[in-house]
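Structure first, then comments.
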Amino acid sequence: MSMLVEMGSVVENNILSDDVRAMVIQAPRVAAQAEPGQFVMVKNESGSTFLRRPFGVADVDREQGRLLLIYRVAGKGTRELAGLEPTMEISVEGPLGGGFRFGEVSGGAYSGKEDGRTLLIGGGVGVAPLIYTARYLAEREPENKPLFLLGVRSAEELFWQDYLKEFTEEIIVTTNDGSAGKKGFAIDALPDILAAHDIRHIKICGPTIMMEGLAKLAMERGIECQVSLEKRMACGIGVCLGCTFEGKVSGKRWKICHDGPVFPAEEVFEK
Ligand SMILES: Cc1cc2nc3c(=O)[nH]c(=O)nc-3n(C[C@H](O)[C@H](O)[C@H](O)COP(=O)(O)OP(=O)(O)OC[C@H]3O[C@@H](n4cnc5c(N)ncnc54)[C@H](O)[C@@H]3O)c2cc1C
Ligand code: FES
């Protein structure tokens, strides 16, 4: 699999909530290669930001040659993306990094199919790459679709369910303000889920503070757990060393953009 830069074009750029947008991009070469958990770096070539911005691949439609990105308008770069209209150009670099691993056979070899039930946990815009991950799992084993724990701020962010319901067995919702589902954070719902279901694998993407608590509980229970990390990125291809961290088990200096963004939980968080 190789990374490339493709000049794509915007197909849709829809408003999902106050500050979240869903952009469909025609970029057939990147779409043909992107795997669940990988990301792309995009740039509006006629905009004013110099650096590309990273976004998880929320889904791909290989037949149509399209990528879906779901992004929160956070600052200058994403504001400019939000202003793009259908048919406008957008440069897409990717797919980048290594995505989620499925069904470890031994020593870093993977079958692509999990043994037992998977729980996907997404917080905020961290839900985005888990849509593709849920579809990947559901298509391989329709009788063993993943469960999804969705941790969002309020009922206004329940739009994620529309993307997820077809590919998940059940969606458990927590909202910070209690306007939908269980009031609180994703971690508040995890013990009950683990008591009710035989979960063998957990894959998480969201704010680090959220992932830490969830991953620690998974590790305590001996459940295989992978986390997808986010850090501000300049180059996105392992050159600038701006996104490194020291692995807790290996002691290796990992580059999130190149060696991740997905890592085994024990490499990121203390047990
Ligand atoms: C691998 C990866 C995947 C990502 N996937 C998504 C995604 O699917 N959807 C999405 O909405 N966002 C995602 N992000 C975050 C996204 O890249 C940033 O929100 C975006 O680059 C901000 O650009 P900006 O110019 O609008 O904001 P800036 O003006 O650069 O910053 C605005 C605010 O956002 C914060 N910020 C900037 N970059 C990051 C970052 N990497 N992580 C956390 N906070 C940041 C800044 O600290 C600041 O507070 C991802 C980041 C990484 C590293
Ligand atoms: S962003 Fe440059 S090394 Fe990761």
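Atoms within each ligand, like the ligands themselves, are counted from 1 in listed order. Values below: every heavy atom of this structure, side chains too, minus hydrogens, waters and symmetry copies. Keep in mind the model is a prediction, meaning the values are calculated, not measured.
- Judged by distance alone, the side chains of S46 and E89 never bring a donor and an acceptor atom under 3.5 Å apart.
- The residue among S228, G126, G56 with a heavy atom at the shortest distance from atom 5 (N) of ligand 1 is G56.
- Taking distance alone, with nitrogen or oxygen atoms compared against 3.5 Å, L229 stays at or beyond that limit from ligand 1.
- Electrostatic pairing of E12 and R21 does not count as a salt bridge here, judged by no charged N lying under 4.0 Å from a carboxylate O.
- Ion pairing of E93 with R52 is present here, as a side-chain N (NZ or NE/NH1/NH2) and a carboxylate O approach within less than 4.0 Å.
- Protein heavy atom nearest atom 1 (S) of ligand 2, with residue, atom name and distance: G236 N, 3.3 Å.
- For atom 2 (Fe) of ligand 2, the N/O/S atoms of C235 include one lying under 2.8 Å.
- For the residue pair N13 / Y71, a side-chain donor-acceptor distance below 3.5 Å is found, with atom types taken as modelled.
- For atom 2 (Fe) of ligand 2, the N/O/S atoms of C243 include none lying under 2.8 Å.
- The ring of F55 has its center no closer than 6.0 angstrom to the ring center of F39.
- The nearest non-hydrogen atom to atom 52 (C) of ligand 1, considering only M41, R232, E230, Q38, comes from E230.
- Geometrically, ligand 1 and R72 share a nitrogen or oxygen pair separated by less than 3.5 Å.
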